[in-house]
Each structure stands twice: as C-alpha cells, then as structure tokens.
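In this chain, residues are counted from 1 in sequence order.
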Amino acid sequence: MRDLDLTTLRLFVSVCETGNIARAGEKASIVGSAISKRLAQLEDQVGTPLLVRKRHGVLPTAAGQTLLEHARGMLDGAARIERDMQAYAAGGRGQVRIFASVSAMTESLADDVAGFLHKPAHRSIRVDLEERVSPEIVRGVREGLASIGVCWDATDHAGLQTRPYRKDTLCVAVPARHPLAARKSVRFEHTLDYEHVSLPVNSAVQLLLQRHAGQLGRTVNHRIVVTNFEAALRVVRAGLAVSLVPRQVAEPAGGAIDGIRLIPLAEPWADRRFIVCYRDAASLSPAAQSLVHHLTALAPP
C-alpha cells in the first residue's frame, strides 16, 4: 500500500464525524467536490469502499470504521511530533514522556510531576504522562517509546536501570455490611471466598493476586473488571464484590464514599515499593535526568 496522505485521512475523519461531506468541507474550507475526489482516491488506494452514501449524508462501512480508528491514532501521533518539535523550535529545554502504572498515577505521580514543573528552572520542560499496565511500561521504556517508566518494583525490569520512588500499602475494601467488615485484619486467602472487583488481568496488582492465589491452590473469582481504583471502590460500595486496593488511594475515597470498610491486608507483600526505570542514565536528556532526580528524591527511607 502506498503511503497514506495525512491530509486525506484528516478529511476522512472529519467526514465520518460530521456524517456529511459538505459540512466537512466547510470546516476545512475546501469544496465538497475536492473532498469527494480525495475520498474516491483513498478508497481506490485501500481497495475497498469506506463510505456508504445515504440520502442525507454518509456513514463509514465496516472497513471505513476500522480505518477511522487507525486514522485517529496516526493523526494523534502526527500532532505529538508537531508539538515536540515546536517545543524545541521555541527554545524549550526538552520534553519527557513517562509511562506509569494506575497506582502511581492515582496516588502521587501527577502531583510530584506538577511540583517539578512549577519550579522556575523547569517551566520550559514539557512532561507527557501516559497510564499503562506494568508490562507495557517496561516494554515501552525498553523500546524507547517513553524516556522514563514508573511502576512496582516486582515487575520484571531486567535490562533497565532503576531507582526507588514512593511506597504504598494494599488493603481490603469491603462493603460496610460484609462478613469481613468486622475484622481488624484479613489474610488474602480469606478474601478468595468472595467475589472480587479487579483491574485488568495484566496489571501489576492482578498479576500479584493471581500468583499468590495460585500458590494457595486457589483462584481469584473476578466478578467485575474495571480500569481504575475509583471504579473498583464504587462497585464495592454497591455491595457487589470486595477489592484489594492501595490504602493511599482508598482512604480519601473511602472517607467520601459511605458504605466502604478498609481492612489491613495481613500479608508481607502488602507493602509495595515503586521504582523509576529507564534504559541508561547517560542517554537520558538533561530534562529527563532532572525529573528522575526530583522523583527519586521523594523516596522514603
């Protein structure tokens, strides 16, 4: 397939979003006939119809819907390139991309990065934060998709350099009237008698729970899978399941959301340490080196 033209893809996305070639032309200040010609060439290039012409507009075909998803990703990537290059052209000191786990993002990382950027010496540095599961964080840093990763230290980070960051502690969140709610602490194996609300199966927390459940000859009964701890706590409050969550995340939410009881998890692995990882300190940009120093200075003793 010949290289796809970004301008044509941008017009294709606009036509799909407006459902009308004329309206897309008005937004782009291009006559509709010119857009129609570009779209016909695009369909010829990919070898399949992309749009269904209706009486009052157009709709993407199944192939068109697939191309629409890819086109949005390509346009987003192109916009990132443009922003990054503009930062250098404008005399900015640098740009740092971080991949981080949901725990780190929810607990402290966003505030810590904000503190770094608020310092006068760092105001010309741009930091992009992206939430990823731990295996993707490590892979992204290894492949150069991110300068820095922030994840749990139990993640397989072989081949990367690491420095300590912050800590957190897992606890058990249960509905206020749950059979476990009266306990002062709970062993992990006792939570396995009940349905769990969980994060995605390849997240650091879920990999940890699956491993320890397997050592007990048990499995975690996932009733619901959510993408963040806030959603998990809402499911717990509704009385649908229990969840293992970081206390540093759950305590503020637990105080604001009635009906949740937080119980200490009586396991040696309940205390977790986060790390900052990168490929090679010497290859980090000055901006990334400054950010690593700032984050790791926040590590507890």
**Fill in**
Here the pair of heavy atoms bringing A24 nearest to V15 is CB-CG2, 3.6 Å

**Request:** May I ask you to say whether R97 pairs ionically with E130, meaning some side-chain N is under 4.0 Å from a carboxylate O?
**Result:** yes

**Prompt:** Do L11 and L42 come close enough that some side-chain heavy atom pair is under 4.5 Å?
**Reply:** no

**Message:** Given D168, which partner from the list R272, R247, Q248 fulfils the side-chain hydrogen bond (donor to acceptor under 3.5 Å, both in side chains) test?
**Reply:** R272

**Prompt:** Looking at F99 and I137, what are the two nearest heavy atoms and their distance?
**Reply:** O-CG2, 3.6 Å

**Prompt:** Which heavy atom in T227 sits nearest to a heavy atom in E131, and how many Å separate them?
**Reply:** O-OE2, 4.1 Å

**Message:** According to a hydrophobic-cluster definition based on side-chain heavy atoms being under 4.5 Å apart (Ile, Leu, Val, Met, Phe, Trp, Tyr only), do V46 and V13 belong together?
**Reply:** yes

**Message:** Grouping I, L, V, M, F, W and Y whenever their side-chain heavy atoms are under 4.5 Å apart, do L160 and L109 come out in a common cluster?
**Reply:** no

**Prompt:** Which of parallel (below 30°), tilted (30 to 60°) and perpendicular (above 60°) describes F188 and W269?
**Reply:** perpendicular

**Message:** Checking the side chain of H178 only, and the main-chain atoms of R261 only, is there a donor and an acceptor separated by less than 3.5 Å?
**Reply:** no

**Message:** Holding to salt bridge (Lys or Arg N to Asp or Glu O under 4.0 Å), I want the full list of residues that pass it with R142, two or more places apart in sequence or in another chain.
**Reply:** none

**Asked** Got a sec: does the CZ of R53 have more than 12 other heavy atoms crowding it under 6.0 Å?
**Response** yes

**Asked** Side chains of R23 and T18: do they bring a donor and an acceptor to under 3.5 Å?
**Response** no

**Asked** If you measure from CZ on R38 to OG1 on T8, what distance do you get to the nearest 0.5 Å?
**Response** 4.0 Å

**Asked** Where do R123 and L117 come nearest, in terms of heavy atoms and distance?
**Response** CG-O, 3.4 Å

**Nearest atoms (heavy-atom pairs only) where S243 meets V236** = CB-CG2, 3.8 Å

**Item:** Over all atoms of both residues, closest heavy-atom pair of S147 and V96
**Value:** CB-CG1, 4.2 Å

